Each structure stands twice: as structure tokens, then as C-alpha cells.
Amino acid sequence: MSDYLPEALVLEILYRLPPKTLLICMSVCKAWKSTIKSHTFISSHLQKNLSNPTLSFLLISHLPRSGDEEQYLCNGLHTIAKLRYSFPTPNGWGFRIRSVATVNGVICLSDNLLSYTDFIVLWNPFIHKHIQLPIPIFTVQTLRSSCLFFLGLGFDSKKKDFKMVRVCYRRGQDARGVVPPLVELYSLNEGAWRIIDASSVDVRIVEHVRKQCFLHGNVHWLAYEGTQAPFQNCVLMFNVEEENFKKLKLPPELSSLYSFELTISLINGCLSLVDYVHEVTTGVCNIWMQRESESWNKMYSINLQSRIQKVFVSRTSDEIFAVPYGQSLHVFDSKTQKMTNLGIQGIARSFSISEYTQSLVLLDRENDAICPINKR
């Protein structure tokens, strides 16, 4: 690899370089290119840099009034870059791509808002790589039924494998999903969908959220149980290593809330729920966090200065993002009690915030041609 330095030392140096620099290093020589593109190097680089703060950004996603979802990377409140797709996106009436999840530098994109199209893409924007997943097993055509579909992306650290779980609820007479759902899983290493047993699942994922959190090997969705109102909120978990489901109970203060008032997220490395209580001219943001045990604790209660249409918290409890009625995205500093306008406008309830980490994932794969898929 080098005539002057031991190979092990060169590897250690390369491991410490950011993805964009490594892309340049691939042009130095064939040996470096082969090493950096190898699955072993990509996995090792990822594990060594997951806690590197210089590679961590906030991914802000939202739907504008028309067109596909827009994504912005935020590295500090004054440095915002708009991401642009590195591939052509299908278009047509009702087709609106949006991000479902982000894990280890990979963003999952799908169209599951206005009309489901079975369009699922895994995208790494920093290295301009993407993979379009094949058509799933369960579709409206194969099931001959109206359905609700939910996606979850996770990383199997034992097998070094990205896994996409897809939960399908057939609609019942009351338009809600029939339980148990049908579930299938796509393994990036295997390159195919397969059916997963979900006979133990007796809850429904909240339809209007369609977002997830990935933590400690588990995909988390906000869900509810019960056959008629009042429903009880809970969290549905899927372990990507064991490939099984588990239900997580919520405290009474959260289980009985209207689901529109809840947001699931990761704060300070902990699974968290944010509930927002509307007042006439103001609002109160309560932040609940789950520590090492399965118990939930209310960690913060913050008074916001104006009436908010949507509120969410990401990374730290000091960063509270909110969309005041009729306005663009703002960030509220809980220490200074000041609200700053970020100037990003869109449909209020479409906004979401997640943590994004630069990586080389998908570098060892060729870009797929994006295939148009008929609407369901």
C-alpha cells in the first residue's frame, strides 16, 4: 500500500479521515482505491467514526407546498445546506418522495404519503450512491386489498448488514389496519425480501407519523392498541438482529394523549417522547426520556413563547425546533428563551428532524437505475 509506511499505520490514518477526503484518496493509487471501497474498510470506518462529532449533522426534512420533500443538513444554526438527489426521481400526480429514516449515513426515501408506489431507495448523499429496492412481496395487487404500509431501517451490527422492515396492515371495515400485520424484511447483504413472523403484533403503528427511531439494535415506531376509542399509545419495537417484535408500554400521562401531540425521537442518546400541550397563545413542551431501564421520566417542561403547530427535539434538549402557526421552521433556545427563524417553509406537520452521520456506506455498490413504478 505504501513504500514508506507500514500497511497497518496507513490503515489507521485512513480510518481517521472523513468520507469526502477518502473519496479523493481513492485517486492516489489502485491499492488505496481497492482498500477504501472494500466492505471491511467501510464497516470499520463506520464503527470508528459513529461518535465523531465533526461528521454529525442534523437532517431537517419537510414537504413544500408542491414537489418532493426537501432535505437540509444543519451543522450549527447558521450553516444550512440543501441536499439534492443524485438520481432522477419519478414524477406524476400524487407522487411525493420523502425520507422515512436515516441510519449510519444512509437515508431511506419512499413515496408513502398520497399514493403508495412501492418505491424505496437507500441513498447516501455524501458519496452520491443509491440503491433502489426491488418490489416488495406484499403489494396492493398481490393482496387485492387496500393497505397501510410502514417502513423501518436498522443496522445489524453482528452481520454488518442494513435491514429494511416493511409492515403491512390490510384495512378493515373501519379503515384501520387489521392486526396482526403482514411483515417482510429486506437484507442489503442478501439482496432480497423475505417474510417475517408477526403473529405476536397486536398494535397498530400511528398512521400520520410514518417516522421511526433506531437505537440499540431496535427500530421504534409510535403505535396504539385497542379496538375502539379511547386508544392506548405505546411503542412498537423490532430487533433487527433477532428479527422479532416487542411492545413497550408508556406511562399513563402519555398513553392516553391524542397521538398528534406526541413525537418520538432520540435525545442525548436516549429514546424520547415529546408531548406538546396547546394553550390559547402559548404552549408547553414536555420531554420524556427512557434511561437504561424501561422506565420513563419527565426530564424537562419548557414554556414556548408562541402558539406552535408542531414541535420536536433532536440530539439535545437545548435544541427545540418548532413551527409557529403560519410561519416557517424556528429553533427555540431553552437557555436564552429566544426563538430564531431558520427560514425553511413548508407543510407544518411534514417537518422532521433526525441525526445524520457521514459514512462510506454503499461505496462498494454500483448505483441502480431508478425504475418508474406504477402507482398502487
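On a predicted model such as this, the values are computed, not experimentally measured, just so you know.
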**Prompt:** Does the gap between the ring centers of F162 and Y186 come in under 6.0 Å?
**Reply:** no
**Asked** Do you know the tightest heavy-atom contact between I137 and T142?
**Response** O-OG1, 3.1 Å
**Request:** Please state whether the rings of F57 and F126 are parallel, tilted or perpendicular, taking 30° and 60° as the class boundaries.
**Result:** tilted
**Item:** Shortest non-hydrogen separation from L188 to R365 and the atoms involved
**Value:** O-NH2, 3.3 Å
**Message:** Using every non-hydrogen atom in the two residues, find where L14 and I36 come nearest and quote the distance to one decimal.
**Reply:** CD1-CG1, 4.5 Å
**Asked** What residue among L250, V235, L273, L248 forms side chain to side chain contact (heavy atoms under 4.5 Å, CB included) with Q290?
**Response** L248
**Asked** Would you find a donor on one side and an acceptor on the other, under 3.5 Å apart, between the side chain of N367 and the backbone of H128?
**Response** yes
**Message:** Looking at E190 and K163, is any side-chain nitrogen of the basic one under 4.0 Å from a carboxylate oxygen of the acidic one?
**Reply:** no
**Residues V183, I195; criterion side-chain contact (heavy atoms from CB on, under 4.5 Å); working and verdict** = CA-CA 6 Å; V183 177; I195 298 174; over 6 Å; no
**Asked** Which of parallel (below 30°), tilted (30 to 60°) and perpendicular (above 60°) describes F245 and F238?
**Response** tilted
**Request:** Using a strict 4.0 Å threshold on nitrogen-to-oxygen distance, state whether D275 and K298 make a salt bridge.
**Result:** no
**Request:** Please determine if E243 and K158 form a salt bridge, counting it only when a charged side-chain N lies under 4.0 Å from a carboxylate O.
**Result:** no
**Prompt:** Would the number of heavy atoms belonging to other residues, nucleotides or ligands and lying under 6.0 Å from NZ of K247 be above 12?
**Reply:** yes
